[in-house]
2 protein chains.
Amino acid sequence: MSDPHERRRAALRTALRDRGLDALLIGDLRNLRYLTGFTGSNGALLVHADGDDRTVFCTDGRYKEQAAKQVRGLEHLIERASALALAARAATAGLRAIGFESQHVTVDGLDTLTAAAAGVDLVRAAHLVETLRLVKDDTEVEALRQACAIADSALAELIADGGLRPGRTERDVALDLDRRMLAHGAVAPAFDTIVATGPNSAIPHHQPTDAVLRTGDFVKLDFGAQLHGYHSDMTRTLALGDPADWQQEIYDLVAAAQSAGTTALTPGTEVRAVDAAARQVIEDAGRGEQFVHGLGHGVGLQIHEAPSLAKTGEGRLSAGMAVTVEPGVYVSGLGGVRIEDTLVVRDAQPELLTQTTKQLMVV
Amino acid sequence: MSDPHERRRAALRTALRDRGLDALLIGDLRNLRYLTGFTGSNGALLVHADGDDRTVFCTDGRYKEQAAKQVRGLEHLIERASALALAARAATAGLRAIGFESQHVTVDGLDTLTAAAAGVDLVRAAHLVETLRLVKDDTEVEALRQACAIADSALAELIADGGLRPGRTERDVALDLDRRMLAHGAVAPAFDTIVATGPNSAIPHHQPTDAVLRTGDFVKLDFGAQLHGYHSDMTRTLALGDPADWQQEIYDLVAAAQSAGTTALTPGTEVRAVDAAARQVIEDAGRGEQFVHGLGHGVGLQIHEAPSLAKTGEGRLSAGMAVTVEPGVYVSGLGGVRIEDTLVVRDAQPELLTQTTKQLMVV
């Protein structure tokens, strides 16, 4: 069973049998991709607890040929309303208890599923696939590794080519960084690239404007590459010209917090304890109020996924989880610093995927 | 009331009063952007039937400053779980009947809303904002116009620079086209650019591969630009070298069908009649089986939105609707043609936004 999708479906079947479900209806496209490799924009999957020979994949006519190449070893059905077609199939096949993704299916959607699957018991079965996705397999880590390497290369090149020279606008820099990621093989940016300079760097999620990079300011870059469906996520904050004392002070503080968070990334640790480890460093410096968000998040087929490394996060880390560690200190009206890596939790120390230096870079 | 967001909220209030709702809870980010201009990735809105002075916007701390600039004239609340915070607010404010977007709220999400809004009657109110969004206002049409102009410019430049020369891969061409759209001001491509050459052009939604452009083949480009949240959508199919008879034949057929569909775009026409007008041309030529998808779709804040110009589409066209007209003929194993425009329905003839020629271009 060398195909990762086949392995993932086998793991899911175990979860289905544990819950007494005959099958699970998957409509979420990321879960569908995870379980089959299908990359189209419409489709669904009915995973049968008994095995792949009773599991049915469905998409519409536009993707028939693509699906024939991407989705192997499963029966294919071609219907525009794919989830409904599979619900109807479950009914005609005499299945009794079908799980559905209650965290994805809408209130109206459940009505139409219920009508299509007459006689079938539709059972809430939230997060079964997401739970499998928490721990990344080798194929996934390799995609993340490559996506992170693309972002590293794009930033190194941007800096080397003078792309952060004073006078450029935030928007120019964002566009430049995006182009370089595409040139290095990214399918797309992982999310809307953030470039924030001067006082804008104090806005955690700033959207690039025509504000101009000026000597004496910070410039904060939060960006990532998308590859094979996986997302990288990295933030670096650079000084435009020699840093003032206040800049060096908050940079060093955030770097120390980031290091403390990374050190806390060990299997078995509660996710909220990782947040607390980094947050404590910033609170001890009297700047707790200026760290206005959680420490990090899982990353994979979604840019934000479980686990949440935050005060309100629940659960513990496991080896193989991919997460960001991204503390920030934001001084309103003046400027802010965030430093963010993407890492994989390992038994010994975490594997760092975003390898750009965390020393304060002066350009 | 010159602000378009304010006008849209006023129109929505009329719909709320018609349904006897005290307020509508908006969690869908596109509907939120439509009603407020907010572009962040988390937020919600409680539109009160009485007016903006009782309407509350909510986002989290990351977007506080951005929201202060983008969302004017409304009370702001800062909470991470924005929709839940507004549901709780509705309860404390003593509201009785609150509509929710049952086409967006998940089955699990409704549970948490219900718990947060104790004592409030949560009423299904699907598609209220989407119904307003069907007819585009001047601000929206202008955004679509600009997004379409970007795509036109990018394609013209690609062709002029020899970007479609034999020997390039589909992937190279897609990347090149994306970069040119970004350079012309696109925030991002509107969707994953399709470049399909040779037999791949017979796959309606092909994803670019390392397949090489060869003389004697078709190359089909389906792409668009995103600007101010709005999407353009255009397909052109070009001949690499002088077209063979079979190529010219299906090209002319698709062009005739596209023209027939466009001619049928008049206010009051049933959407399925528009599909039928174009489909009839292809069926009369005995190629009905090779036109495997609907004729077109609405386009705006989503790349695919209502109305659906398809056999199964419902309703009639109105002036101001923005739609695509995109018939195709796909000959499996050989090649295919699709020609697609984005247009706005007008009282006289439709306004063509994608202005690239529909003559068969030979490169």
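Residue numbers begin at 1 in each chain, while the letters A, B, ... track the order of the sequences.
Two residues are said to be in side-chain contact when any heavy atoms from C-beta on lie closer than 4.5 Å; A:T59 and A:I78 meet this criterion. Proximity of A:V299 to A:Y230: side-chain heavy atoms (C-beta onward) are nowhere separated by under 4.5 Å. Side chains of B:Q207 and A:Q66 form a contact here, defined as non-hydrogen atoms less than 4.5 Å apart. Counting heavy atoms from C-beta on, the side chains of B:R338 and B:I194 come closer than 4.5 Å. B:H184 places a side-chain heavy atom less than 4.5 Å from the side chain of B:S153. Inter-residue side-chain proximity for B:I339 and B:E326 is flagged as unmet; no heavy-atom pair is nearer than 4.5 Å.
Neither the backbone nor the side chain of B:D60 has a heavy atom closer than 4.5 Å to any heavy atom of chain A. Interface remark: B:T312 contributes no atoms to any contact with chain A (heavy atom separation under 4.5 Å). Heavy atoms of B:H205 lying under 4.5 Å from chain A belong to its backbone as well as its side chain. The parts of B:Q103 that come within reach of chain A are both its backbone and its side chain, each placing non-hydrogen atoms under 4.5 angstrom from that chain. For B:Q70, the part lying under 4.5 angstrom from a heavy atom of chain A is the side chain only. Heavy-atom distances place no part of B:F191 under 4.5 Å from chain A, backbone and side chain included.
Remark: A:R124 fails to qualify as a cation-pi partner of A:F100 under the 6.0 Å distance and 45° angle criteria applied to the six-membered ring.
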Run the side chain to side chain donor-acceptor pair (under 3.5 Å) test on B:H76 and B:Y63 for me, step by step, so that the C-alpha distance in whole Å, both residues' side-chain angles and the decisive distance to 0.1 Å come before the verdict.
CA-CA 11 Å; B:H76 287 214; B:Y63 296 110; over 6 Å; no
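Within 6.0 Å of CD in A:E283 there are more than 12 heavy atoms belonging to other residues, nucleotides or ligands.
Taking A:P204, A:S102, A:S41 one by one and counting their heavy-atom pairs under 4.5 Å with chain B, the maximum is reached by A:S102. Highest contact tally toward chain B, considering only A:V292, A:T193, A:T39, A:N200, is held by A:T39 [criterion: heavy-atom pairs under 4.5 Å].
Taking the six-membered ring for Trp and the full ring otherwise, B:H206 and B:Y330 have centroids separated by 6.0 Å or more.
Interface residues of residues 170-182 of chain B toward chain A, defined by a heavy-atom distance below 4.5 Å and sorted by number: B:L175, B:R179, B:L182.
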